[in-house]
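We name chains A, B, ... by the order of the sequence lines, and we start the count at 1 in each one.
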Amino acid sequence: MDNKQVVLEVIAEVAGRPLSDLTPTTELVAGLNLDSSKALQLLIELEERLDIEIDDEQVGRLKTVGDVLAAVDAVAA
Amino acid sequence: MAKTFYLVNPAAETPTYFGAEVFEHWGLRPATNIADLAMTTVAALAPADWDISMVDEHSAPVDYDIECDFVGITGKVTQVPGMIRVADEFRRRGRTVIFGGPFASLSPDVVRSHCDVLVIGEIEGIAETLFADLDSGDYLSEYVAERPDLSNSPIPRWDLYKNDRALTGCIQTSRGCPFECEFCDVIVYLGRKQRHKPVENVIAELESLYALGYRQIFLADDNFTAYRKKATAILEALRDWQLEHADDPVGFSTQVSIDVAKDDKVMALLGEAGVTWVFIGIETPNVESLKETHKRQNLGVDLVTQVDRFFEHGIQVTGGMIVGFDNDKHDIFRIQYEFAQRTPIPIFSLGALVAPAATPLHERISAAGRLIEDAPEVQGSPLDTNIVPVNMSGAELRAGLDWLVNKIYSPEAFADRVVQMIERLGPQRGPFRSGRITNRTGRDIDSDVPLMLKKLMRTGKAERRMWLRIYQAMQARPETEPMVMAAMYGYGQVRCVYDAGQLWEPVLAQQPPPFVGAAEGEGGEGQAAVASAGA
């Protein structure tokens, strides 16, 4: 499974939404209701499953599903 | 010509339970937990034409090169080294330094030689004289203020404060506390007769903070519910204000004594007003120690039941916990741990009993020849003390505390308490009845919390398991999420305190309570009278 698929599955799982709800422009807070605890769980799951550490600066800029995909790409590259 | 005035709130020398050093600890931008009310109040009392700036050293560095006529420095006992460090540097550069605030008022002899002007007491009463003298250049080296009426207290100058790095705004609705706990210096500084701000002033201060983006506000009273009639009037006003801001309400926190749990009306009002967190000085389940320290408000009740009442009303409790009373014996460490685990209280500010200067305890311990000279009167580390204990050696007290802090904050024990909280929190009655607390103003400091916690979770498998257990429990009650995250933030700060003090030794949590089998406890029944057992 590639990183993109893992990211989408983790977001869907944490948000409690089907994969089909997710597009690159879907907003994490307004669109998926990711509160602080879910944001924390999302970061932990991503880092654990992909064995990466997302940069602090990047985390502050994560607003959409596409931002998460880009942040993971940047670290995993 | 108008004067320039630079106000400084120096950083505490070491992290404290109620600080926010955890952000910097994990490489994030420094921050403070509760915005500083002292500097902003002094600024509001200064002449309108003065040019005032301020820095809270918890969130930004002091500018020693700033051009100013006067430097005003405040601080509590935890900030004394910082107060002196900042004052000495400014005086070396030829600046005129003014000291005020709680520590300078309670221990003037310690700081007098480090300042040019010393203000003892609450500034409101002498502000007009002080600033007129400073303006004229003909000022005294010391001013002593009477306790002021708070009805004319101005709205603090929050516009001058670095609000983007403070988690919680701050309003003080009263000063003073009618109780007489032997170790407390608040009543020495502010008195036992509580003085109150008018309700309309409180609401005006609330509006000021709200406009700046705060959605969490600490009511910094010494004992918010000591006078029920006054507390009721303020709570009713806060409840009504929340109704007008129902789409984006404020969460309040404050300090109360446990006796209010018996007052159904005030307990309901706390919830309706949006009070979501309270600090209570629980101190100890040992009845004899409560008697010894004159903590009469904690006597004659089942402490665990009373604590539960807050959670039933949807209010999270943080508890003060003290070890080292004269009536504490070797089994107190086990007793305190077992007590903590019977409650849903996530965070205890746990430390050794200390005797602050000017308190009745200080006088008694000194008279008994048990005061450790030159020891910290308030802990640099929460386990330090300036008292020689009675029923154990100082080394035994320290060893017991080392075990207790690691046991209580082991990831397993903390998760046990948070899961209890999730299960036992009652429904919110007030503005958060839907369980929704928003952060619409999108302040950076608020989004730093999960980032900080992510770093904490990377420290070990036990921490990761702890979070997973808590997270899973929360899925059954998602409305508890804000409370859980507040507890998690508290846990992060506790771990920062213990890391900084080199107190974190997880292996201790795997060991049995120390001194089991010691003569007086025998590891069995322990102390006869334990408040939580229904004394």
Side-chain angles (χ1 to χ4, degrees), chain A residues 3 6-19 21-22 25-77, chain B residues 23-24 26-29 164 167 215-216 418 422 432 434-461 463-489 491-492:
Chain A
N3 283 355
V6 173
V7 170
L8 292 174
E9 284 191 4
V10 170
I11 294 174
E13 189 180 302
V14 171
R17 298 287 189 86
L19 274 170
D21 276 5
L22 307 184
T25 57
T26 306
E27 293 190 32
L28 300 175
V29 176
L32 298 176
N33 283 325
L34 285 195
D35 54 24
S36 294
S37 65
K38 288 194 166 74
L40 173 60
Q41 180 63 11
L42 174 66
L43 292 168
I44 291 172
E45 284 289 328
L46 287 174
E47 292 191 350
E48 198 161 277
R49 288 201 207 174
L50 297 170
D51 195 21
I52 57 171
E53 183 167 13
I54 300 171
D55 183 63
D56 293 353
E57 294 291 320
Q58 295 267 16
V59 171
R61 292 196 285 267
L62 301 180
K63 307 291 182 203
T64 65
V65 170
D67 293 339
V68 181
L69 287 165
V72 169
D73 263 356
V75 187
Chain B
F23 291 105
E24 196 169 11
W26 288 111
L28 303 170
R29 284 192 295 148
D164 64 328
L167 276 171
R215 295 298 179 267
Q216 294 291 322
V418 175
I422 291 168
F432 307 114
S434 67
R436 173 185 52 83
I437 295 181
T438 59
N439 175 32
R440 291 188 179 184
T441 52
R443 300 184 322 141
D444 286 350
I445 181 73
D446 296 307
S447 53
D448 277 358
V449 173
L451 192 54
M452 174 274 285
L453 290 171
K454 175 177 81 83
K455 290 167 180 288
L456 177 65
M457 296 316 146
R458 288 179 73 92
T459 57
K461 287 181 181 171
E463 285 77 5
R464 178 84 176 90
R465 280 196 301 271
M466 172 187 85
W467 167 248
L468 268 182
R469 203 176 141 213
I470 291 170
Y471 183 76
Q472 282 162 3
M474 195 167 50
Q475 299 317 299
R477 295 204 60 198
E479 71 276 17
T480 63
E481 196 264 356
M483 299 289 198
V484 171
M485 291 307 280
M488 292 299 298
Y489 166 78
Y491 186 77

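Applying the side chain to side chain donor-acceptor pair (under 3.5 Å) criterion to A:Thr25, with sequence neighbours excluded, gives A:Thr23. A:Arg49 pairs by the side chain to side chain donor-acceptor pair (under 3.5 Å) definition with A:Glu13, A:Glu45, not counting sequence neighbours. For B:Arg465, the side-chain contact (heavy atoms from CB on, under 4.5 Å) partners two or more places apart in sequence, or in a different chain, are B:Glu412, B:Lys461, B:Ala462.
Between chain A and the residues B:Met485, B:Arg458, B:Met474, the most heavy-atom pairs under 4.5 angstrom are made by B:Arg458. Your options are B:Gln475, B:Met488, B:Lys455, and the one with the most heavy-atom pairs under 4.5 Å with chain A is B:Lys455. Listed options B:Ile470, B:Val484, B:Leu453 were ranked by heavy-atom pairs under 4.5 angstrom with chain A; first place goes to B:Leu453. Interface summary for chain B: among A:Gly16, A:Ser36, A:Ala39, the most heavy-atom pairs under 4.5 angstrom belong to A:Ser36.
Between B:Leu167 and B:Phe23 there is a side-chain heavy-atom pair separated by less than 4.5 Å.
With rounding to the nearest 0.5 Å, the separation of CG in A:Asn33 from CZ in A:Arg17 is 6.0 Å.
Proximity to chain A is limited to the side chain of B:Leu468, based on heavy atoms less than 4.5 angstrom apart.
In plain terms, the two heavy atoms of A:Ser37 and B:Glu481 that are nearest each other are N-OE2, 2.7 Å. Nearest heavy atom pair, residue B:Lys454 against residue A:Leu40, reads N-CD1, 3.4 Å.
Contacts from residues 51-58 of chain A to chain B, taken as heavy-atom pairs separated by less than 4.5 Å, involve A:Ile52, A:Glu53, A:Ile54, A:Asp56 in sequence order.
Within the 3.5 Å criterion, the main-chain N or O of A:Thr64 finds a donor-acceptor partner in the side chain of A:Asp67.
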